[in-house]
Number of protein chains: 2
Amino acid sequence: MKNNVPPSDLRVFLAVLDEGGFRAAAKRLGVAPSKVSTTVSRIEATLGAPLLVRTTRSVRATEQGRALADRIAPLLAEVDQACMETANSTGRVRGRLKLNVPGAVMPDILPPILTKFQRKHPEVEVEIVVENDLVDIVASGCDAGIRYGASLEKDMVSIPIGPRVQQIALAAAPAYLEERGCPQSPGELTMHDAIRYRFHGGPLLPWMLKNGDETISVEPVTRLTISVNAMNTGLSYARAGLGIIGMFRNWLEDDFSAGTLVPVLADCWRDQEGPRLYYPGRLTPTPLRAFIEACRTS
Amino acid sequence: MKNNVPPSDLRVFLAVLDEGGFRAAAKRLGVAPSKVSTTVSRIEATLGAPLLVRTTRSVRATEQGRALADRIAPLLAEVDQACMETANSTGRVRGRLKLNVPGAVMPDILPPILTKFQRKHPEVEVEIVVENDLVDIVASGCDAGIRYGASLEKDMVSIPIGPRVQQIALAAAPAYLEERGCPQSPGELTMHDAIRYRFHGGPLLPWMLKNGDETISVEPVTRLTISVNAMNTGLSYARAGLGIIGMFRNWLEDDFSAGTLVPVLADCWRDQEGPRLYYPGRLTPTPLRAFIEACRTS
DNA sequence: ATAAGCTGTTCTCCATGAAGAACAATGTTC
DNA sequence: GAACATTGTTCTTCATGGAGAACAGCTTAT
């Protein structure tokens with residue numbers, strides 16, 4: 001009977017309410033905003049009742065829309081749960097795993113973990129979304145995310161992934177050091193130009209250095225601030241002699257070997273907490289659960 | 001997450017189980033069999049589990065398919081209920097009404113009822129499916145059906161629609177009566193040729209006639225048996241002098257007026273139960289409820 | 001006051017899913 | 001045993017739904 005609303009359409013409607021907007025819902029569902037718009041309009045036409053009030057810049061449910069959403073959301077969630085359990089009941093780890101990760105883990109942290117994981121679970125198809133600015137994993141339609149230093153969102157769980165610590169190393173081009181001198185103590189860094197990286201969400205990668213038995217925070221003169229996503233850009237400027245760069249040591253190894261960058265105050269480098277895997281605390285699909293296990297055992 | 005099965009697909013899966021086959025499910029849902037086939041296959045691929053075993057000529061659920069169906073069927077039914085109640089909450093009678101009716105009610109019984117109904121409820125879109133052979137209203141994807149003399153199916157309710165009784169009239173062409181003589185009593189009918197109508201499902205329209213104070217069943221010599229759907233065919237043969245025809249009086253009025261057919265044994269005509277509206281006993285959409293009310297008050 | 005950025009919606013075009021036809025397989029009837 | 005009827009599935013074609021672009025409207029920043 002054509003009076004029925006396809007429950008898949010209802011899931012679109014629920015996503016709009018969950019995300020607070022059509023574009024956010026579209027992003028989470030991996031569809032175009034126009035589909036979300038036309039789907040909600042079609043539901044309203046079929047039921048003959050407005051479900052959403054679209055004030056510009058915000059969406060909110062009507063009374064009827066809220067009542068409908070409250071009633072069907074747990075039902076559709078349980079349908080998803082039933083499907084997931086059917087999928088899991090085969091005992092095979094299969095399906096798709098979508099990870100939202102910063103560029104920073106792309107060169108050398110994630111590849112070995114993924115390679116091992118996919119060899120162990122060949123039926124899992126992995127999709128990597130490289131993004132730095134977005135913290136909300138669910139809103140981006142991903143199963144899990146990797147982040148440095150992000151605070152824990154509601155209902156999210158985090159475990160370490162990759163190196164438990166990473167050293168923040170300082171480096172400069174030989175030409176820069178010949179011109180400006182090589183600092184002999186952390187205090188001298190304030191007289192130098194710095195190239196600093198900024199995490200998503202605004203915080204700079206801090207320059208915390210060891211000074212004898214203590215750790216001090218150094219605020220150098222910042223000539224350039226770059227998103228952690230644009231890793232290679234920062235390295236290029238550093239190689240060009242723009243200043244002293246502060247970055248994860250593993251990123252700098254190739255330049256050290258090639259001589260294009262030289263370590264600065266190597267004895268003062270201190271450890272930084274490594275990246276963490278974030279995922280929703282419940283409704284864990286089998287592929288994600290297997291990946292979590294792979295992270296725990298690596 | 002692409003691990004999710006669209007719940008609309010699950011509805012297709014449930015229809016296959018309900019109807020016991022792919023083609024029956026396709027008919028009920030108003031889609032092509034190929035869509036049902038590919039939809040179920042897609043669900044099985046997504047979940048990585050066979051849900052149905054398709055022995056040729058029969059379909060049955062696997063253990064996992066049965067478990068999944070048992071769990072999600074009430075959930076999706078409640079989702080439909082929630083939508084229906086949202087639609088009803090506007091207080092407006094709107095939507096679609098799909099009726100499965102025999103051709104017998106098309107000329108003069110249904111039109112006045114529908115005309116009145118649609119004038120009262122202009123927002124309802126009515127679709128009429130003319131079918132005689134099929135008894136299962138739900139399996140045909142209709143909201144309700146009209147039938148003569150059909151037995152009550154499980155969970156179905158019936159109310160009279162249109163005339164509470166209809167007379168079974170006998171008639172013949174003048175030329176036939178001149179040649180064979182005009183029967184003076186019901187008993188003489190056995191010496192005449194008959195044109196009889198058959199209801200869907202096999203029973204013939206019985207020739208029950210009054211004989212004094214009693215009612216007798218007459219079994220004439222049947223020259224032609226026609227489905228009630230082919231009403232005009234039977235009339236044509238009768239006009240051509242093939243025999244005495246037995247049919248609802250309202251169908252014969254035009255021929256009586258035109259003189260193309262003449263009443264036979266008019267004093268012996270007895271009343272027959274009129275048609276009935278059949279509909280599922282629960283989950284009554286608003287358009288159907290309004291139509292039921294219209295039938296009750298006409 | 002203007003520009004920029006973001007929203008939801010509408011419109012256009014095309015890729016995809018669905019309809020329809022054809023097929024292979026099986027059970028029933030003659 | 002052959003013919004017939006029906007099934008589920010596969011293949012081909014095309015109509016439609018969705019992506020993408022553009023639009024109108026609104027809020028915020030300059």
Side-chain angles (χ1 to χ4, degrees), chain A residues 2 4-46 50-62 65 69 127 129 131 133-136 139-141 202, chain B residues 2 4-46 50-62 65 69 127 129 131 133-136 139-141 202:
Chain A
K2 290 293 179 56
N4 284 344
V5 173
S8 301
D9 284 1
L10 294 170
R11 183 182 275 167
V12 173
F13 162 61
L14 291 175
V16 172
L17 288 181
D18 286 345
E19 302 302 325
F22 283 61
R23 288 183 179 263
K27 192 170 174 61
R28 173 174 135 193
L29 297 171
V31 300
S34 51
K35 175 181 164 68
V36 176
S37 180
T38 56
T39 298
V40 172
S41 297
R42 186 167 60 241
I43 297 172
E44 289 175 320
T46 301
L51 301 178
L52 296 175
V53 175
R54 287 89 138 160
T55 59
T56 50
R57 294 223 170 270
S58 75
V59 170
R60 64 172 182 77
T62 62
E127 179 177 352
V129 177
E131 250 181 315
D133 297 330
L134 190 67
V135 177
D136 192 334
S140 68
Chain B
K2 292 293 182 55
N4 283 346
V5 174
S8 301
D9 284 1
L10 294 170
R11 184 182 274 165
V12 173
F13 161 61
L14 291 174
V16 173
L17 289 179
D18 287 344
E19 302 302 326
F22 283 61
R23 286 182 180 266
K27 192 167 172 59
R28 175 176 133 188
L29 298 172
V31 300
S34 51
K35 175 181 162 73
V36 176
S37 179
T38 54
T39 298
V40 172
S41 297
R42 185 167 59 240
I43 296 173
E44 289 175 321
T46 301
L51 302 177
L52 297 174
V53 174
R54 292 91 138 154
T55 60
T56 50
R57 298 224 168 273
S58 74
V59 171
R60 64 172 181 78
T62 61
E127 179 179 352
V129 177
E131 248 177 320
D133 297 330
L134 191 68
V135 177
D136 191 336
S140 70

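Chain naming here is simple, since letters A, B, ... match the order of the sequence lines and numbering starts at 1 in each. Note that this is a predicted model, so its numbers are computed, not measured. Just the heavy atoms: all of them, side chains too, but no hydrogens, waters or symmetry mates, feed the values below.
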With a cut-off of less than 4.0 Å, is there a side-chain N or O of B:Arg23 near OP1 or OP2 of D:dT6?
no
- prompt: Checking A:Thr46 side chain against A:Val5 main chain: does a donor-acceptor pair fall under 3.5 Å?
  reply: no
When rounded to whole Å, the CZ to P distance for the pair B:Phe22 and C:dA18 reads 15 Å
A:Asp9 atom CG is separated from D:dG18 atom C1', nearest whole Å, by 13 Å
Whole-Å distance, B:Lys27 NZ to C:dA19 P, equals 14 Å
Sorted by number, residues from residues 31-44 of chain A placing a heavy atom under 4.0 Å from DNA chain D are A:Val31, A:Ala32, A:Ser34, A:Lys35
- Could you tell me whether the phosphate oxygens of C:dT7, OP1 or OP2, come under 4.0 Å of any side-chain nitrogen or oxygen in A:Arg54? no
For B:Val16 and B:Val36: C-alpha separation, side-chain torsions, deciding distance, then whether side chain to side chain contact (heavy atoms under 4.5 Å, CB included) applies. CA-CA 8 Å; B:Val16 173; B:Val36 176; 3.4 Å; yes
Counting distance only, does the side-chain N/O of A:Arg54 pair as donor-acceptor with the main-chain N or O of A:Leu52 below 3.5 Å? yes
Rounded to whole Å, the CG-P distance (B:Leu52 to D:dG8) equals 10 Å
- So, does A:Thr39 use its side chain to make a donor-acceptor pair with the main chain of A:Val12 at under 3.5 Å? no
Original post:
So, the side chain of A:Ser37 versus the backbone of A:Pro33: is there a donor-acceptor pair under 3.5 Å, distance only?
Top reply: no
note: B:Arg60, atom CZ; D:dT7, atom P; distance rounded to Å ~ 19 Å
Taken to the nearest whole Å, CD/A:Glu19 to C1'/C:dG8 is 16 Å
Closest non-hydrogen contact found for B:Glu19 with B:Ala24 is CB-CB, 3.6 Å
